[in-house]
Amino acid sequence: MTTSIDNQDDTILQKISQFLHSAFVPEGVSDSYYRFMRWRIFQRFVNANVHVIGTQSLLMGLRGMQQSGVAGAAVSTAAKGGAALGAAAATNWVLKDTLGKVVRMAWASKMGRKFDPDAKRWRFRASLIYALGNGLEVSTYLHPQYFLVLAMLANSCKQMSMLTSSATRNALYNSFRREGVASSGAGSNATNSTTGSRRGSGGVENIGDITAKGEAQIAVVDLLGIASGICLSRAVGVSVQNVFAVWIVLQIMEIFCMFHEMRSVVYKTFNFERMYTVLGKLLLEEDGENENNEQVVDDSANTTTDTGKPSTKQKYKFTGHIPTPEQIAATEKIFLPPDHLARRAIAFGSPGRTVLDPEELDMLINDVFRGEKYFLVVGQDVKNQRGLSARVRQWMRRGTGSNNDRHIDDVGIDPQEQCHIVLHADANNLDILKSALALVILRKKLVKKTKEGTHPSNLNGNDPAPDPRSRDCMDVIREARTEANDIFPHFLRELTKQGWRPPLRSMLGRVSARAEWSIQKR
């Protein structure tokens, strides 16, 4: 009898567990989804508590405004007591919401294009903006005489944050789709194989399921958080010091949870920053010291320049090492902007960004990059002024550089900043990926030649090298293009093996600086 009762209890618990799983957990998601949701549930619970504290502060600030007489000027002197407070509350509440909606529209029109390729960073920044809005709400209790201004700024911050959160939600949820589950290894047991097959192999489109189940989880957590926040507000009381101290602690906890929440997201699609990071780690310079490291020394490595100086012809080959999406996610920046050289605005530009002679342009298009939908340009950026950030980077290079960097210091500008990609109007993501690979190789070659004092534009090794030009670097540019073409097919195959999605599905963002020219077959 006891065994029968225990079996019935186990059956009931199993049915409840299955019901909860089907109601709140989507099918066909990656392992990173569960790490993400654990942090998100804790973050939303803390956020609900902060929301209660903020609403309490707004109401107390509104009451303080009424008691200070500020609200009396906004209503008729005949209206007293509760009617005056109600009219003032309604007027100020509507004003703050209206101005917040206006800011939301302006934010959407200005920032809409930036969210998809950089969803993690903007989602975390949105949490900081929301925290600022919560702080301004609490400040209405500290300074009730400025209620309308503080409440309007607080609501504006929250509207921007909520818009950013909703705009980046699908991009984040897309990273959780499990692909190719049916082809799991033979070592898994039958249960796991059945579950994997059921969870939509082959890339089932289940964004709706992920979104719906995620919102269901958050609804339950928000209710629990609001109940906890009400109890907490009663325990804290109306002391300004207590309210402010509790808000600081809760806000730090929420930002901590949000950081780890975004760190849990593993993208298998490229944006430009992830693409540049991967490209920078898959190349290895060939030289005599690397003969035993699966590298082949170029027979034509030792050459002589026109000035009689020996020059080492450097060549790059595919090493086969590509970081996995998980490795990139573990080091990806969450708040700070990308590294300077990993920014689209630095890597891509128009032909007019560097002054090109007609002969240079003709050689690049019709000779060096014949048949390609891109070409590389070497030269100083004459369209964009070098501001404070450029001078800071130059100062940091001088402060941390070795004796081998003296030529770069003399030039003043990092040679890696003096080359960029010009895309054809019809270039697709594959062309962008190939051009970025060629750019990485070209940058390495320019840095190497500058350190050795053999830059093509440096005719006198004792004098600082002038600004490089494309006409001085045609051989180096040609080498970069050739080596990129050799590496590119192997690179695409290894990307798939390491779990990256095809480049055609990448989120590389909008590159507006493009040009048109007649593409001729090689």
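Start at 1 with the first residue, then count along the sequence.
- For Leu336 against Arg125, the heavy-atom pair with the smallest separation is C-NH2, 4.1 Å.
- Side chains of Thr98 and Lys101 form no contact here, defined as non-hydrogen atoms less than 4.5 Å apart.
- Leu446 contributes atom CG, which lies 9.5 Å from atom CG of Leu439 (distance to the nearest 0.5 angstrom).
- Using a cutoff of 4.0 Å between basic side-chain nitrogens and carboxylate oxygens, Lys213 and Asp209 are scored as salt-bridged.
- Taking CD1 from Ile432 and CE from Met275, the interatomic distance works out to 7.0 Å, rounded to the nearest 0.5 Å.
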Apply the test side chain to side chain contact (heavy atoms under 4.5 Å, CB included) to residues Trp122 and Met111: give CA-CA distance (whole Å), side-chain angles for both, the deciding distance (0.1 Å), then the verdict. CA-CA 10 Å; Trp122 280 108; Met111 306 299 295; 3.1 Å; yes

Checking Ile487 against Ile441 for the side chain to side chain contact (heavy atoms under 4.5 Å, CB included) test, could you report, in this order, the C-alpha distance in whole Å, the side-chain angles of both residues, the deciding distance, and whether it holds? CA-CA 11 Å; Ile487 293 172; Ile441 297 175; 4.1 Å; yes

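- Taken from CG in Asp118 to OG1 in Thr168, the straight-line distance is 10.5 Å, to the nearest 0.5 Å.
- Scanning both residues, Ile41 and Val221, for their nearest heavy atoms gives O-CG1, 3.3 Å.
- Under 4.0 Å is where a charged nitrogen must lie from a carboxylate oxygen, and between Lys158 and Glu137 at least one such pair does.
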Take Leu99 and Val103 through the test side chain to side chain contact (heavy atoms under 4.5 Å, CB included) and record every step on the way to the result. CA-CA 6 Å; Leu99 294 173; Val103 173; 5.7 Å; no

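- Without hydrogens or angle criteria, Asp431 side chain to Asn428 main chain gives a donor-acceptor distance under 3.5 Å.
- Between Leu136 and Cys157, some side-chain heavy-atom pair lies under the 4.5 Å cut-off.
- Looking at Arg177, its side chain never comes within 3.5 Å of a backbone N or O of Gly28 through a donor-acceptor pair.
- For Ser175 against Val266, the heavy-atom pair with the smallest separation is CB-O, 3.6 Å.
- In this structure, Asp222 and Phe45 have side chains that are not in contact, with every pair of non-hydrogen atoms separated by 4.5 Å or more.
- Considering CZ of Arg123 and CD1 of Ile334, their distance stands at 12.0 Å, rounded to 0.5 Å.
- A salt bridge does not link Asp426 to Lys373: none of the charged side-chain nitrogens sits closer than 4.0 Å to a carboxylate oxygen.
- Arg169 places no side-chain N or O within 3.5 Å of a backbone atom of Thr164 that could act as its donor or acceptor partner.
- Atom NE2 of His490 has more than 12 neighbouring heavy atoms from other residues, nucleotides or ligands inside a 6.0 Å radius.
- Considering every non-hydrogen atom in both Ala131 and Trp247, the closest pair reads O-CZ2, 3.7 Å.
- Taken from CG in Asp339 to OH in Tyr276, the straight-line distance is 8.5 Å, to the nearest 0.5 Å.
- Other residues, nucleotides and ligands contribute over 12 non-hydrogen atoms within 6.0 Å of the NE2 atom of His424.
- Contact between Tyr173 and Gly214 at its shortest, heavy atoms only, is OH-CA, 4.3 Å.
- Between Leu423 and Ser435 the shortest side-chain heavy-atom distance falls below 4.5 Å.
- Under a 3.5 Å cut-off, the side chain of Asn174 and the backbone N or O of Asn170 do form a donor-acceptor pair.
- Side-chain atoms of Phe348 and Val422, non-hydrogen and from C-beta on, never get closer than 4.5 Å to each other.
- When side chains are defined from C-beta on, Val52 does not count as touching Leu232, because their heavy atoms never get closer than 4.5 Å.
- Not less than 6.0 angstrom separates the ring centroid of Trp39 from the ring centroid of Phe42.
- For the atom pair CG (Leu132) and OG (Ser139), the distance works out to 9.0 Å, reported to the nearest 0.5 Å.
- Between the side chain of Ser165 and the main chain of Ser161, no donor-acceptor pair closer than 3.5 Å is present.
- The neighbour count for Lys333 NZ, taken as heavy atoms of other residues, nucleotides or ligands under 6.0 Å away, is above 12.
- Side-chain contact between Pro325 and Trp500 is present, with heavy atoms from C-beta onward closer than 4.5 Å.
- Checking each of Lys120, Arg40, Arg35, Arg44 against Glu261 for a side-chain contact (heavy atoms from CB on, under 4.5 Å) leaves exactly one that passes, namely Arg40.
- The shortest distance between side-chain heavy atoms of Phe272 and Pro338 does not fall below 4.5 Å.
- Judged by distance alone, with hydrogens and angles left aside, the side-chain atoms of Ser264 form a donor-acceptor pair with the main-chain N or O of His260 at under 3.5 Å.
- Salt-bridge check for Lys445 with Glu483: passed, with a basic side-chain N closer than 4.0 Å to an acidic carboxylate O.
- For an aromatic pair to be called close, the ring centres must be under 6.0 Å apart, and Phe244 with Tyr141 fails this.
- A salt bridge is defined here as a Lys NZ or Arg NE, NH1 or NH2 lying under 4.0 Å from an Asp or Glu carboxylate O, and Arg121 with Glu273 meets this definition.
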Run the numbers on Arg104 and Trp107 for side chain to side chain contact (heavy atoms under 4.5 Å, CB included), then give the verdict. CA-CA 5 Å; Arg104 183 187 181 107; Trp107 182 255; 5.7 Å; no

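- By the 30° and 60° cut-offs, the orientation of the rings of Phe176 relative to Phe36 is tilted.
- The shortest non-hydrogen separation linking Ala119 to Ala171 is CB-CB, 3.8 Å.
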